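Below is one structure, written out as structure tokens; the observations come after it.
Everything numeric in this text was worked out from a predicted model, so none of it was measured. Start at 1 and go down the list; that is how both ligands and their atoms are numbered. Index from 1, following the sequence.
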Amino acid sequence: MLYWLTLLQNEFSGFNVFRYITFRSVGAAVTAFIIMFLCGPRFIALMRRLKFGQQVRDDGPASHLKKQGVPTMGGLLMLAALSASTLLWARLDNLLVWLVLAVTLFYGFIGGIDDYRKIAKKNCKGLSPRGKLVLQVIGAAVVALYLFCDPQYSSQLSLPFLKNWHPDLGWFYLPFAVLVIVGASNAVNLTDGLDGLAVGPSMITAAVYVVFAYLAGHVVLADYLDIPYIVGAGELAIFCAALFGGCLGFLWFNAYPAQIFMGDVGSLALGGAVGSIAIIIKQEFLLAIVGGVFVMEAISVIIQVGYFKATHGKRIFLMAPFHHHFEKQGWHEQKVVVRFWIVSVVLGIIAIATLKLR
Ligand code: 57M
């Protein structure tokens, strides 16, 4: 919205600065962080008053039992900060911004129903896995169809490190895009099992996509770096910057010992956001690199459940997702989280490096 101040630059030349995506990205990150930082304490008190406390399962690591009753659904505040900051700093005539915001909020809505049902009915397990999956597929399919129906949009893939190979998936791009968005959403959801464990890598992923969205929307730089040029993608850098700032602000309260959990409303939305950004700017495989922690957590569950069923009860990991395996080995929760953050930072650096390594 603040972009339109550039129309008044004849009155005050300083307004011209709102034309720059870099300036507005910094503004979006700072705004989202400040909203989180200022509203966090009151929101946590409200969740406590409403008794929106976490129900901790008794089959998890014993160290989690003390977390019973920690306020949850902190994702609601994250989404409010993300939306307010994006609408304030991004161009509102950019349909890609509205598309990503819509799918993020829709995924938050799915998670919110799940969270509320778990809270409202003590023994309720929330939305059925099938119901959650159907809604996620519908949300992702809307993004995929919108892009596929755009004549300017290509169904070719761009692969990190492989400069001249762009396989064209044709119609198969639709299920591929749905798989990326739904997979990212569920992977972040599975990862959100320790204080700060999901929000840290999400923040790093958002930061990497600020860079890639800016470059994808810059015709000269996209050509020079041999990445797909996507008209209007630059404004998505502002959304990613707001996502980064919102995650940073949430981490202030979710750091160990967490004062609040994000809930499915947050984890599903975070995954849906980064998944849809990856599809829109055609950097799908980059997500598998920078989001490697999420991929590792999801794969650990697939391996554990598959092996458990195949061997009628045996386990490969002490407990899945992977972060619980280390907890069971005696690592303190904070050690697991900080080491997963370190892995995420290294993967983020590798992801940025793919711009030149091709
Ligand atoms: C999402 N939710 C956390 C919190 C957060 C198939 C199976 C792998 C599914 C998986 C599962 O239930 N995943 C659901 C993980 C939960 O966190 C809540 O959920 C939201 C995210 N969706 O925002 O509201 C618990 O995680 C802890 N937590 C923190 N700090 C945070 O900042 O400490 C969360 C956020 C919270 C809190 O204790 O209660 C969760 O873990 O459920 N199941 C599992 O992950 C379970 N693994 C498992 O059963 N493994 C089996 C098989 C199925 C693979 C095995 O290894 O044999 C583990 N989780 C739990 N109990 N709760 C272990 C058992």
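- The nearest non-hydrogen atom to atom 31 (C) of ligand 1, considering only Y256, F261, Y307, comes from F261.
- Among protein heavy atoms, atom 18 (C) of ligand 1 sits closest to Q54 OE1, 3.6 Å.
- Each of the atoms 23 (O) of ligand 1 lies under 4.0 Å from some heavy atom of M262.
- Remark: aromatic rings of F176 and F172 are distant, center separation not under 6.0 Å.
- When hydrogens are left out, the protein atom nearest atom 3 (C) of ligand 1 is D192 O, 3.6 Å; that is the closest non-hydrogen contact.
- When side chains are defined from C-beta on, L190 does not count as touching F294, because their heavy atoms never get closer than 4.5 Å.
- Where the criterion is an N or O separation shorter than 3.5 Å, residue side chain and backbone included, V56 fails it with respect to ligand 1.
- Counting atoms of ligand 1 from 1 in the listed order, those under 4.0 Å from a heavy atom of D264 are 19 (O), 20 (C), 21 (C), 22 (N).
- Residue N254 has at least one heavy-atom neighbour below 4.0 Å for each of these atoms of ligand 1: 32 (O).
- When atom types are taken as modelled, the side chain of S85 and the backbone of L82 share no donor-acceptor pair closer than 3.5 angstrom.
- In the candidate list K67, K328, Q304, M73, K67 is nearest to atom 33 (O) of ligand 1, counting heavy atoms.
- In terms of protein heavy-atom proximity, atom 1 (C) of ligand 1 is closest to N189 O, 3.3 Å.
- Within the 3.5 Å criterion, the main-chain N or O of L157 finds a donor-acceptor partner in the side chain of H166.
- Of the protein's heavy atoms, none falls inside 4.0 Å of atom 40 (C) of ligand 1.
- The distance from atom NZ of K282 to atom CG of L159, rounded to the nearest 0.5 Å, is 10.0 Å.
- In terms of protein heavy atoms, atom 8 (C) of ligand 1 is closest to V301 CG1, 3.6 Å.
- S267 and D192 form no side-chain donor-acceptor contact under 3.5 Å, judged by distance and modelled atom types alone.
- The single protein non-hydrogen atom nearest to atom 30 (N) of ligand 1 is D195 OD1, 2.7 Å, given as residue, atom name and distance.
- Against a heavy-atom cut-off of under 4.0 Å, M319 is close to the following atoms of ligand 1: 56 (O), 63 (C).
- Q55 and Q68 share a side-chain donor-acceptor pair at under 3.5 Å.
- Heavy-atom proximity to atom 64 (C) of ligand 1, evaluated over I260, V265, D59, is greatest for D59.
- When each atom of ligand 1 is checked for a heavy atom of T72 under 4.0 Å away, the hits are 24 (O).
- Using a 30° and 60° split on the angle between ring planes, F322 and F340 fall in the tilted class, from 30° to 60°.
- Heavy-atom distances between A258 and ligand 1 stay at or above 4.0 Å for every pair.
- By the definition of a contact as any protein heavy atom under 4.0 Å away, atom 25 (C) of ligand 1 is not in contact.
- In terms of protein heavy-atom proximity, atom 53 (C) of ligand 1 is nearest to V305 CG2, 4.3 Å.
- Taking atom 27 (C) of ligand 1 as the reference point, the nearest protein heavy-atom neighbour is G193 O, 3.2 Å.
- For the 3.5 Å distance criterion, the side chains of H64 and E327 qualify, holding a donor opposite an acceptor.
- Only the side chain of R57 comes within contact range of ligand 1, with a heavy atom under 4.0 Å; no backbone atom does.
- Judged by distance alone, the side chain of S276 and the main-chain N or O of A273 form a donor-acceptor pair under 3.5 Å.
- For Y173 and F148, the ring centers sit 6.0 Å or farther from each other.
- Regarding atom 57 (O) of ligand 1, its nearest protein heavy-atom neighbour is R315 NE, 2.7 Å.
- Ring centroid separation for the pair Y256 and H332 comes in under the 6.0 Å cut-off.
- Listed by atom number, the atoms of ligand 1 under 4.0 Å from S267 heavy atoms are 21 (C), 22 (N).
- Contacts between V70 and ligand 1, counted as non-hydrogen atom pairs separated by less than 4.0 Å, are absent for every part of the residue.
- Against a heavy-atom cut-off of under 4.0 Å, H64 is close to the following atoms of ligand 1: 27 (C), 33 (O), 37 (C), 38 (O).
- Aromatic ring orientation, F33 versus F37: parallel (interplanar angle below 30°, classes split at 30° and 60°).
- With hydrogens and angles left out, the side-chain atoms of D195 and Q334 include no donor and acceptor closer than 3.5 Å.
- Residue contacts with ligand 1 for L194 involve N, CA, C or O but no side-chain atom from C-beta outward (heavy atoms, distance under 4.0 Å).
- Atom CG of L251 sits about 5.5 Å away from atom CE of M203, to the nearest 0.5 Å.
- Some N or O of G263 is nearer than 3.5 Å to an N or O of ligand 1, by distance alone.
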